[in-house]
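Note sheet for the following structure.
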Amino acid sequence: MARIVMKFGGTSMAGSERIRRVAQIVRSQADAGHEVAVVVSAMAGETDRLVNFCREANPLYDPAEYDVVVASGEQVTSGLLALTLQALGAKARSWLGWQMPIHTDKAYAKARIGNIDAEALIASMQSGEIAVIPGFQGLSDENRITTLGRGGSDTSAVAIAAAVKADRCDIYTDVDGVYTTDPRIVARARKLKAVTYEEMLELASVGAKVLQTRSVGLAMKEGVKVQVLSSFTDENAPNADSIPGTMIVSDEELEKMELENEIVERQLITGIAHDKNEAKLTLTRVPDLPGAVSNIFAPLADAAINVDMIIQNVGRDKGETDVTFTVPQADLVRCTSILENAREKIGFNRLISDTKVAKISVVGVGMKSHAGVASTMFTSLADRKINIQAISTSEIKVSVLIDEDETELAVRVLHTAYGLDAE
Ligand code: ASP
Ligand code: MG
């Protein structure tokens with residue numbers, strides 16, 4: 001017997017038929033003798049619809065009232081799932097964010113969870129009642145409803161799993177796990193049995209959008225074992241206890257799984273991600289002097305614009321140089337205007353931007369102890385005449401910036417080069 005937190009995303013909760021399937025999955029875990037809490041998202045599309053209403057009501061909406069509106073989608077699905085479970089003969093009740101409560105700060109629309117009073121919840125789970133909890137919502141110390149930012153139900157689930165010290169947090173979605181790369185691009189992408197928190201953070205933040213990035217960070221901090229798996233299965237599908245999905249765990253835990261032969265031997269590279277939401281900026285003829293680069297990046301940091309890859313060319317004659325970097329495409333307009341305003345102070349000649357770029361990243365803890373990962377990447381791309389515009393690396397990741405049109409080709413070439421193709 002274990003204590004399990006299950007989370008179901010919007011597509012899993014979209015309509016009575018889907019909710020009935022979810023209720024069956026939940027009940028089978030309860031019938032297996034587990035203590036169960038379930039965290040639910042709003043029905044697919046519902047949060048977008050509610051956000052639109054807020055915009056229509058007042059384009060400069062007050063985030064606290066926005067939270068009152070958008071938190072309602074999850075209230076509906078939590079009540080409906082409790083009702084459906086009861087219809088199946090299970091004991092179930094809903095617990096709204098303010099009832100536990102799930103304390104957050106007062107950054108409305110993007111609140112962070114503080115502590116969760118889980119005592120009553122644990123007692124109810126121990127009594128054999130299934131707890132159904134709306135994701136995405138919490139309570140500020142001003143006693144008002146908050147929400148956690150889009151995709152926040154994943155974070156709710158992990159936070160609750162940590163608070164009740166769950167043995168596992170199963171995140172049910174419309175894909176059956178985390179893949180070596182996007183299966184829509186590479187038909188021979190393989191489902192991974194397990195990845196580490198670190199790898200998942202890199203994969204999530206570079207474009208493999210399975211989980212809200214913040215939820216993975218929280219799972220790592222709290223040591224919550226997370227499984228990503230599909231709710232789009234039939235009654236004969238393997239039980240979640242047999243780990244049909246992908247486990248996201250610590251390095252040590254993963255090694256243990258390896259030893260127990262639960263996973264095949266690890267590869268050097270775990271996955272390949274792509275991200276088309278970056279923009280490249282180049283400032284030409286920046287003075288090649290101490291402080292020049294700081295004049296560029298300090299105002300961007302003040303504006304909370306996340307700069308990713310940075311290249312400074314070797315100075316040309318006359319003590320000038322070019323500086324190239326990437327920012328999220330969504331911040332490009334703001335970024336350009338900040339730099340234009342600082343033109344005098346920075347002292348550049350031209351500002352060139354390009355949104356037709358893609359970042360391709362190879363990720364794997366295995367590269368910590370192996371040389372040659374980057375060179376395999378560069379050689380494979382060169383063989384296909386794909387030009388690299390910028391490079392960045394971390395301990396477990398190498399990223400390159402290329403022409404957006406070459407994204408699919410690059411991902412396929414690298415997937416093969418690192419031996420990731422399924423037989
Ligand atoms: N319903 C919210 C959203 O769409 C939270 C979630 O589903 O994770 O962002
Ligand atoms: Mg989601």
Side-chain angles (χ1 to χ4, degrees), residues 5-15 18-19 21-22 25-26 37-55 61 63-82 94-98 100 102 104-105 107-113 116 131-140 145-163 169-175 178 200-201 204-205 207-219 224 226-232 245 248 277 330:
V5 172
M6 311 170 76
K7 184 258 171 181
F8 292 88
T11 49
S12 305
M13 298 301 292
R18 293 295 324 153
I19 294 178
R21 177 65 196 130
V22 166
I25 296 172
V26 171
V38 194
V39 176
V40 294
S41 280
M43 294 190 197
E46 179 63 7
T47 308
D48 287 339
R49 196 176 75 95
L50 297 169
V51 169
N52 260 327
F53 279 130
C54 293
R55 292 207 178 108
Y61 53 74
E65 296 302 347
Y66 161 97
D67 281 351
V68 172
V69 177
V70 300
S72 68
E74 274 77 7
Q75 172 159 343
V76 171
T77 47
S78 58
L80 287 175
L81 179 57
S94 63
W95 294 80
L96 300 186
W98 58 269
M100 290 213 258
I102 297 172
T104 71
D105 61 17
Y108 297 98
K110 48 171 194 281
R112 282 180 176 269
I113 296 180
I116 297 178
V132 186
I133 301 153
F136 191 40
Q137 60 174 252
L139 183 71
S140 75
I145 300 282
T146 55
T147 65
L148 308 179
R150 299 306 304 273
S153 294
D154 295 334
T155 302
S156 306
V158 171
I160 287 161
C169 180
D170 284 339
I171 304 219
Y172 288 83
T173 173
D174 50 9
V175 295
V178 178
M200 193 61 212
L201 276 174
S205 65
K209 296 172 204 65
V210 190
L211 294 176
Q212 196 196 34
T213 308
R214 216 207 276 177
S215 71
V216 184
L218 185 64
V224 175
V226 174
Q227 176 177 204
V228 174
L229 71 174
S230 175
S231 72
F232 288 73
I248 304 165
N277 297 315

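When a ligand or atom number is given, it counts from 1 through the structure's own listing order. Quick caveat: nothing in here was measured; it's all calculated off a predicted structure.
Considering both main-chain and side-chain atoms, Lys7 never comes within under 3.5 Å of ligand 1 through any nitrogen or oxygen pair.
Among the candidates Lys7, Glu74, Met100, the single residue satisfying the side chain to side chain contact (heavy atoms under 4.5 Å, CB included) test with Ile133 is Met100.
At least one heavy atom of Gly151 lies less than 4.0 angstrom from ligand 1. Remark: distances from the non-hydrogen atoms of Gly152 to ligand 1 include one below 4.0 Å.
In this comparison of Arg150, Met13, Glu74, the heavy atom closest to atom 5 (C) of ligand 1 sits on Glu74.
The line from OG1 of Thr146 to CZ of Phe136 is 9.5 Å long, rounded to the nearest 0.5 Å.
Not one N or O on the side chain of Asp67 forms a donor-acceptor pair closer than 3.5 Å with the backbone of Tyr108.
Every residue two or more places apart in sequence or in another chain that forms a ring pair (Phe, Tyr, Trp, His ring centres under 6.0 Å) with Tyr172 is listed here: Phe8.
The atoms of ligand 1 that sit less than 4.0 Å from any heavy atom of Ser41 are 6 (C), 7 (O), 8 (O).
Residues Leu80 and Met43 have side chains in contact (heavy-atom distance under 4.5 Å, counting atoms from C-beta outward).
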